[in-house]
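Before any comments, here is the structure.
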Amino acid sequence: MERGAPGWSHGLVGQSPQICEIRRLIEKLGRTHAPVLLLGESGTGKEVVARAIHAANANGEFVPIDCGALVGPLVESELFGHTKGAFTGASEAKRGLIEVADGGTAFFDEIGDLPLDMQVKLLRLLQEHEFRPVGSLKQRSVNIRVIAATHEDLARGAARGTFRQDLYYRLNIVSLRLPALRDRKGDIPELIDHFLERLEAHHRLTSDTLDAMMNYDWPGNVRELQNSIERMVALNTGPWLHIEDLPSALRNHGAAEPPLVSAVAAGSETAPLPLLYAPPRPAGLFLATVEKETILKALVATHGDRAKAALLLGIGRTTLYRKLKEYKIEN
Ligand SMILES: Nc1ncnc2c1ncn2[C@@H]1O[C@H](COP(=O)(O)OP(=O)(O)OP(=O)(O)O)[C@@H](O)[C@H]1O
Ligand SMILES: [Mg+2]
């Protein structure tokens, strides 16, 4: 989706009520400096949202910190930096990630994996806005926005003692839960469109491919959808993305509903797929008429869903909207 287009928000694609609400919150949160906790299953877009919150008042850098990777003796130095000679091998002073994020956003991804001793230091950072590099006697002040994300239940971690309760309360002041893709399936066509565009792929989906994708539950959420598209595009040189190109888990979901466009296929349900074809052209018919008819058929086939119709037609939504206006088609 182009920057500035309706619904565009720092790369966050979707028009479902849940995504619209999240977009509204992102704009609000952009104006504050409060810590934010992002919850949601893997692949639901937590990092996309974190970057969007940062971009909403874009100051300084966005520094992702993968808490799962913070292991070993150098963790504290990685986060908070060290002074020259702080430990054997520290021949130069070094800035840590927190200092890099000064004036911007530190994104603690998979915060549930942050080692307990670092949790204490993060709490201090949140409360006092200061930290101490390894080997230094002095605290340093920073101005940092903290965004944390987890797919785990932090409350349970806090109850079990693997996550500090005080840090949990501090982080949980503003929390935002990202919906699973299966709970906002209406966004699937737009996401497909988005990923095809990003790959600069000009493929179209056959209707049974789209059906299968709409019927599937997407346990890996948007990331799984993105991977499926990439896989299909990689396997295909022709213009159509066929159901056979889908991973097998998805392929089995194609038959659950009748093909999307069978209703418009010239007089029968048995027409071959892909079904969106230009109708036979009587002599002297204007191209515009054919185009208008094809658009109308796509709209009928998708029960008026413009995003899906655009996908079936193999054109962008913006182009479809322009043509709807041009041909004065209301639906
Ligand atoms: N609403 C969305 N619009 C556009 N792209 C999205 C959206 N949600 C997710 N993505 C894409 O899906 C992929 C996974 O998103 P992201 O990394 O933000 O998920 P996550 O919740 O952080 O997952 P994990 O917990 O596995 O790290 C990314 O490539 C991201 O660009
Ligand atoms: Mg992530």
**Fill in**
By salt bridge (charged side-chain N to carboxylate O under 4.0 Å, His left out), D187 pairs with (sequence neighbours left out) R184

**Item:** Connected-component partners of V134 among ILVMFWY, side-chain separation under 4.5 Å
**Value:** L74, F87

**Asked** What pair of heavy atoms forms the shortest contact from V13 to E190, and how long is it?
**Response** CG1-OE2, 3.3 Å

**Request:** Mark yes or no for whether D113, through its side chain, and C67, through its backbone, hold a donor-acceptor pair below 3.5 Å.
**Result:** no

**Item:** Contact summary for C20 and Q15, nearest pair of heavy atoms
**Value:** SG-O, 3.5 Å

**Asked** Is the closest side-chain heavy-atom distance between E230 and R198 below 4.5 Å?
**Response** no

**Asked** Is there a side-chain contact between I147 and V49 (heavy atoms, below 4.5 Å)?
**Response** no

**Request:** Answer yes or no: is there a donor N or O on one side and an acceptor on the other, between the side chain of K185 and the main chain of M213, under 3.5 Å?
**Result:** no

**Request:** Return the minimal non-hydrogen interatomic distance between L299 and R306, and the atom names on each side.
**Result:** CD2-CG, 4.2 Å

**Prompt:** Are any non-hydrogen side-chain atoms of L196 and L241 less than 4.5 angstrom apart?
**Reply:** yes

**Request:** For the pair T162 (side chain) and G157 (backbone), establish whether a donor and an acceptor sit closer than 3.5 Å, ignoring hydrogens and angles.
**Result:** yes

**Backbone of P35 reached by a side-chain donor or acceptor of R170 within 3.5 Å** = no

**Item:** Any side-chain donor near an acceptor of the partner, N143 and H33, under 3.5 Å
**Value:** yes

**Message:** Please check: side-chain N/O of R23 versus main-chain N/O of L12, any donor-acceptor pairing under 3.5 Å?
**Reply:** yes

**Prompt:** Looking at S141 and D102, what are the two nearest heavy atoms and their distance?
**Reply:** O-OD2, 4.3 Å

**Prompt:** Can you find a pair of side-chain heavy atoms, one from L70 and one from M118, that are under 4.5 Å apart?
**Reply:** no

**Message:** To the closest 0.5 Å, what do you measure between CG (L235) and CD (E244)?
**Reply:** 11.0 Å

**Request:** Quick one: which residue pairs count as a salt bridge (charged side-chain N to carboxylate O under 4.0 Å, His left out) with a foot in residues 33-53, not counting sequence neighbours?
**Result:** E41-R182, E47-R51

**Item:** Partner set under side-chain contact (heavy atoms from CB on, under 4.5 Å) for A34, not counting sequence neighbours
**Value:** T32, V174

**Message:** With a 4.5 Å cut-off on side-chain heavy atoms, are N172 and L154 touching?
**Reply:** no

**Request:** Nearest 0.5 Å please: distance from the CD atom of E27 over to the CD1 atom of I53.
**Result:** 10.5 Å

**Request:** May I ask you to test the E99-F131 pair for a side-chain heavy-atom distance under 4.5 Å?
**Result:** yes

**Asked** Do side-chain atoms of Q119 reach the backbone of R164 as a donor and acceptor pair under 3.5 angstrom?
**Response** yes

**Message:** So, taking the atom named NE2 in H203 and the one named CG in D245, what distance separates them when rounded to the nearest 0.5 Å?
**Reply:** 9.0 Å

**Request:** Flag yes if L311 and F195 sit in one hydrophobic cluster, no otherwise; membership is Ile, Leu, Val, Met, Phe, Trp, Tyr, and two members link when side-chain heavy atoms are under 4.5 Å apart.
**Result:** yes

**Message:** Side chains of T105 and I144, heavy atoms from C-beta outward: is any pair under 4.5 Å?
**Reply:** no

**Asked** Shared ILVMFWY cluster between L39 and I173, side chains joined below 4.5 angstrom?
**Response** no

**Asked** N59 side chain to G104 main-chain N or O, any donor-acceptor pair under 3.5 Å?
**Response** no

**Interatomic distance, I192 atom CD1 to T209 atom OG1 [nearest 0.5 angstrom]** = 9.0 Å

**Message:** If I take atom CZ from residue F163 and atom CD from residue Q165, how far apart are they, to the nearest 0.5 angstrom?
**Reply:** 11.0 Å

**Message:** Please determine whether side-chain contact (heavy atoms from CB on, under 4.5 Å) holds for the pair R140 and I98, giving the CA-CA distance in whole Å, both sets of side-chain angles, and the decisive distance to 0.1 Å.
**Reply:** CA-CA 11 Å; R140 271 186 213 168; I98 295 303; over 6 Å; no

**Request:** Just grab all the ring pair (Phe, Tyr, Trp, His ring centres under 6.0 Å) pairs involving residues 35-76, residues at least two apart or on different chains.
**Result:** H54-F62, F62-F107

**Request:** Tell me, please, which residues at least two apart from R231 pass salt bridge (charged side-chain N to carboxylate O under 4.0 Å, His left out).
**Result:** none

**Prompt:** Only one of L178, L29, L38 forms a side-chain contact (heavy atoms from CB on, under 4.5 Å) with I22, so which one is it?
**Reply:** L178

**Item:** Pairing of R124 and E130 as salt bridge, 4.0 angstrom limit
**Value:** yes

**Item:** Heavy-atom pair with the smallest gap, counting every atom of G43 and N221
**Value:** O-CB, 3.4 Å

**Asked** Going hydrophobic residue to hydrophobic residue with side-chain gaps under 4.5 angstrom, can you get from V36 over to V146?
**Response** no

**Message:** Main chain of A307, side chain of D305: is a donor-acceptor contact present, judged purely on distance under 3.5 Å?
**Reply:** yes

**Fill in**
Distance col, row L123:CG vs Y168:OH, nearest 0.5 angstrom, shows 14.5 Å

**Electrostatic pair R251:D208 at N-O distance under 4.0 angstrom** = no

**Request:** Using modelled atom types only, decide if a donor and an acceptor are shared between the side chain of S136 and the backbone of R132 within a distance under 3.5 Å.
**Result:** no

**Item:** Note, L210 side chain near K308 side chain (heavy atom, < 4.5 Å)
**Value:** yes

**Request:** Considering non-hydrogen atoms only, spot the tightest contact between R223 and S42 and give its length.
**Result:** NH1-OG, 3.9 Å

**Item:** Worked check of side-chain contact (heavy atoms from CB on, under 4.5 Å) between Y216 and E224
**Value:** CA-CA 11 Å; Y216 183 59; E224 189 184 4; 2.7 Å; yes

**Item:** Single-linkage hydrophobic cluster, 4.5 Å side-chain cutoff, L37 and L116 together
**Value:** no

**Prompt:** Side-chain heavy atoms under 4.5 angstrom apart, residues restricted to Ile, Leu, Val, Met, Phe, Trp, Tyr: same cluster for V48 and I111?
**Reply:** no

